[in-house]
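Remarks on the structure that follows.
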2 protein chains.
Amino acid sequence: MSIAYDGINKEGLSTQIADAIRTAIMEGRLVVEQRLPSENELAERFGVSRATVREALKRLAAQNLIRTQRGPTGGAFVNRLTWSEAHDALVTTSTLLIGMNDIPFEDVVEARFTLEAACLPLAAARREDKHLEVMRQEIAQQRMKDVSDEDFCASDVRFHRALADAADNPVLSFQMAGVIESMQPLMNMITYRMRDRTRIAALHDALADAVDAKKARAALKVLNELSSYTLELMAARRNARATTA
Amino acid sequence: MSIAYDGINKEGLSTQIADAIRTAIMEGRLVVEQRLPSENELAERFGVSRATVREALKRLAAQNLIRTQRGPTGGAFVNRLTWSEAHDALVTTSTLLIGMNDIPFEDVVEARFTLEAACLPLAAARREDKHLEVMRQEIAQQRMKDVSDEDFCASDVRFHRALADAADNPVLSFQMAGVIESMQPLMNMITYRMRDRTRIAALHDALADAVDAKKARAALKVLNELSSYTLELMAARRNARATTA
DNA sequence: AAACAATAAATTGTCTGACAATTAAACAAA
DNA sequence: TTTGTTTAATTGTCAGACAATTTATTGTTT
């Protein structure tokens with residue numbers, strides 16, 4: 001008989017074990033730096049083989065929830081999620097999400113500039129020399145003749161990240177990095193003419209100046225121009241594609 | 001001799017294999033819904049055992065990059081990342097990040113309300129009945145006498161998510177969900193007196209009214225009050241703790 | 001006693017081979 | 001045609017072994 005509708009076991013064992021441990025971490029029953037039982041012990045406790053436990057642990061490691069170390073005193077430890085790890089995870093997720101779901105370019109641009117505009121007042125109030133230095137340096141690179149379109153985009157990303165960092169709020173920096181970097185693949189599809197680059201560098205200059213002078217209102221105006229110009233470039237690219245096709 | 005510095009093998013084999021496949025997906029060499037070779041084939045190609053391949057695949061599955069299916073015609077398929085999956089990943093990451101790195105509460109509140117304020121003009125312009133209905137409904141629940149603090153917070157989260165959704169931009173909704181939900185554990189630590197709840201519900205009411213009337217400026221003012229009030233509540237909680245301790 | 005080298009032990013990483021579970025497709029029967 | 005049955009491909013799990021890594025211990029030399 002053994003009806004035994006204990007728990008719905010639709011998911012595999014390794015998934016269930018990973019979920020159990022993940023929940024324990026999120027609920028604080030396992031704290032940072034705490035060592036989990038060894039793989040053999042876990043296998044015994046859950047009543048599964050070591051291979052199954054390992055697959056579960058690999059899932060958690062992929063999410064930066066745990067970290068493993070060999071040798072005696074080794075094992076799996078609850079990992080303190082760093083900004084860097086979280087940043088990478090967010091960028092990966094956002095990039096794939098946007099890359100695989102043909103989101104309208106307009107939506108991405110709108111989201112990015114809306115959020116960036118929100119950071120501007122804080123950035124203007126709190127900017128430090130180190131942020132302005134990065135911004136100026138990137139503008140200089142954007143004016144150089146021999147950079148590829150890809151390098152130009154990468155420099156653009158660094159410029160805007162410096163701007164976001166100037167707001168001096170780690171949570172904002174984290175969130176902004178997601179929207180800014182996930183847009184890079186889309187921006188990479190644009191071919192920048194020399195006059196486009198010059199225009200963008202000029203706008204960046206104006207933006208840096210406004211932030212430097214702590215004039216949030218002026219900075220906002222420049223940012224809006226930058227947003228419009230980005231949309232124009234993308235529209236131009238679309239037209240070019242349409243005629244050649 | 002066999003110096004063989006082929007690739008730096010500091011990382012384990014399963015990690016390297018996972019990275020190789022992940023890169024192939026991110027670079028578009030593997031496209032959505034494409035089937036990967038079977039585990040046995042992958043094991044042969046990479047020159048490792050099936051167990052190692054499986055650990056690599058589990059890592060990718062944990063990041064929602066692939067999906068596996070049994071049976072003939074089964075295998076591992078490149079997964080189209082859905083908004084829901086990405087949302088869950090972002091919330092998990094943000095929540096852990098904030099929970100494990102004692103970020104100042106002020107920073108989190110500032111980030112959340114700054115970003116939310118940025119969404120307000122869009123929300124006021126585009127709000128539809130469905131968003132307002134959700135907001136009104138949640139306000140009603142917040143006024144009910146017998147809801148726990150936790151339920152009150154959950155309702156608050158739903159209210160603000162509806163507000164973000166009203167901006168009608170999926171990228172914004174995605175980003176906002178991250179800041180809003182990751183703040184919930186912090187909000188849960190607050191004990192809400194009846195007058196606190198009444199005040200918050202009143203502010204929510206005013207916010208909904210302003211958005212309903214498409215008055216972005218008015219809504220912004222209310223949101224700022226809400227932000228200040230949240231900080232006050234948190235400060236009060238901190239004082240209470242300090243005196244009892 | 002101190003410094004250094006060899007050894008042992010614990011733990012993760014990988015391999016091998018096997019079997020169970022699932023499922024689509026081919027086949028057979030009513 | 002429909003309905004069951006078999007078959008084969010594939011993932012899921014298991015058991016046991018050995019390799020690699022790293023710490024602690026033990027022994028040896030100075």
Side-chain angles (χ1 to χ4, degrees), chain A residues 2-22 25 30 33-79, chain B residues 2-22 25 30 33-79:
Chain A
S2 133
I3 303 189
Y5 259 73
D6 230 334
I8 310 129
N9 290 349
K10 188 70 195 301
E11 297 292 334
L13 290 176
S14 72
T15 308
Q16 294 178 48
I17 292 170
D19 288 345
I21 299 177
R22 184 183 306 109
I25 294 175
L30 290 170
E33 297 305 319
Q34 183 172 342
R35 181 183 178 278
L36 272 63
S38 76
E39 295 177 351
N40 280 318
E41 247 184 284
L42 287 173
E44 268 191 34
R45 285 203 207 173
F46 284 106
V48 299
S49 73
R50 202 185 140 213
T52 302
V53 167
R54 279 183 63 79
E55 289 184 4
L57 293 181
K58 290 313 149 205
R59 294 182 121 103
L60 300 175
Q63 298 177 299
N64 297 120
L65 290 182
I66 64 169
R67 171 172 40 85
T68 56
Q69 199 182 350
R70 290 210 266 203
T73 77
F77 298 83
V78 178
N79 188 46
Chain B
S2 131
I3 304 189
Y5 259 74
D6 229 336
I8 311 126
N9 292 349
K10 185 71 195 298
E11 297 292 333
L13 289 177
S14 72
T15 306
Q16 293 178 51
I17 292 170
D19 288 346
I21 298 177
R22 184 183 305 109
I25 294 176
L30 290 170
E33 297 307 317
Q34 184 173 341
R35 182 182 177 279
L36 273 64
S38 76
E39 295 176 350
N40 279 317
E41 247 183 285
L42 287 173
E44 268 192 32
R45 286 203 206 172
F46 285 106
V48 299
S49 74
R50 204 185 137 213
T52 303
V53 167
R54 280 183 63 78
E55 288 184 5
L57 293 181
K58 291 311 152 209
R59 295 183 121 101
L60 300 175
Q63 297 177 300
N64 297 119
L65 290 182
I66 64 171
R67 172 172 38 87
T68 56
Q69 199 181 350
R70 290 210 267 201
T73 79
F77 297 84
V78 179
N79 189 45

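Here is how names work: the chains are called A, B, and so on, in the same order as the sequence lines, proteins then strands, and each is numbered from 1.
The side chain to side chain contact (heavy atoms under 4.5 Å, CB included) check on B/T73 picks up nothing, with sequence neighbours excluded. Legend: residues meeting side chain to side chain contact (heavy atoms under 4.5 Å, CB included) with A/L13, ordered by chain and number and at least two apart, are A/Q16, A/V48, A/T52. With sequence neighbours excluded, the residues that form a side chain to side chain contact (heavy atoms under 4.5 Å, CB included) with A/R67 are A/E33, A/F77, A/N79. For the side chain to side chain donor-acceptor pair (under 3.5 Å) test, residues two or more places apart in sequence or in another chain that qualify with A/D19 are A/R22. Residues passing the side chain to side chain contact (heavy atoms under 4.5 Å, CB included) test with A/A51 are A/S49, sequence neighbours excluded.
Within the structure, a side-chain polar atom (N or O) of A/T68 is placed less than 4.0 Å from OP1 or OP2 of C/dG13. For A/R54 and C/dG13, the shortest distance from a side-chain N or O to OP1 or OP2 is below 4.0 Å. Note on A/K58: a side-chain N or O is less than 4.0 Å away from OP1 or OP2 of C/dG13.
Scanning all heavy atoms of the two residues, the minimum distance from A/A18 to A/L60 falls at O-CD2, 3.6 Å.
Out of D/dA9, C/dA10, D/dT13, the shortest distance to the side chain of A/E55 is found at D/dT13.
Distance B/Q69 CD to C/dA25 P: 11 Å, rounded to the nearest Å. For the pair B/L57 CG and D/dG12 C1', the computed distance is 12 Å after rounding to whole Å. Remark: P of C/dG13 and CD1 of B/I17 are 14 Å apart, rounded to the nearest angstrom. The CZ-P distance, from B/R67 to C/dT23, rounds to 14 Å in whole Å.
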Note to self: A/I21 vs A/L57, test: side-chain contact (heavy atoms from CB on, under 4.5 Å). Steps then yes/no.
What the structure shows: CA-CA 9 Å; A/I21 299 177; A/L57 293 181; 4.3 Å; yes

Margin query: Before you tell me yes or no, could you show the steps for A/V53 and A/N40 under side-chain contact (heavy atoms from CB on, under 4.5 Å), namely the whole-Å CA-CA distance, both residues' side-chain angles and the distance that decides it to 0.1 Å?
Written below: CA-CA 8 Å; A/V53 167; A/N40 280 318; over 6 Å; no

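Side chain of B/R35 to backbone of B/G74: a donor-acceptor contact under 3.5 angstrom is found.
Less than 4.0 Å separates DNA chain C from at least one heavy atom of each of the following residues of residues 35-43 of chain A: A/R35, A/S38, A/E39.
With the end axes of the helix from C/dA1-D/dT30 to C/dA30-D/dT1 each set by five pairs, the angle from one to the other reads 10° at 10° resolution.
Within the structure, salt bridge (charged side-chain N to carboxylate O under 4.0 Å, His left out) contacts touching residues 36-51 of chain B (residues at least two apart or in different chains) are B/E39-B/R50, B/E39-B/R54, B/E41-B/R45.
Nearest-nucleotide mapping onto DNA chain D: of A/T73 and A/T15, the residue sitting toward the 5' end is A/T15.
We find the CG-CD1 distance between B/L30 and B/I25 to be 5.5 Å, quoted to the nearest 0.5 Å.
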Margin query: For nucleotides 15-20 of chain C, give me one character per nucleotide, 5' to 3': B if any protein heavy atom sits under 4.0 Å from the base, S if the only such contacts are to the sugar-phosphate, - if neither.
Written below: BB-B--

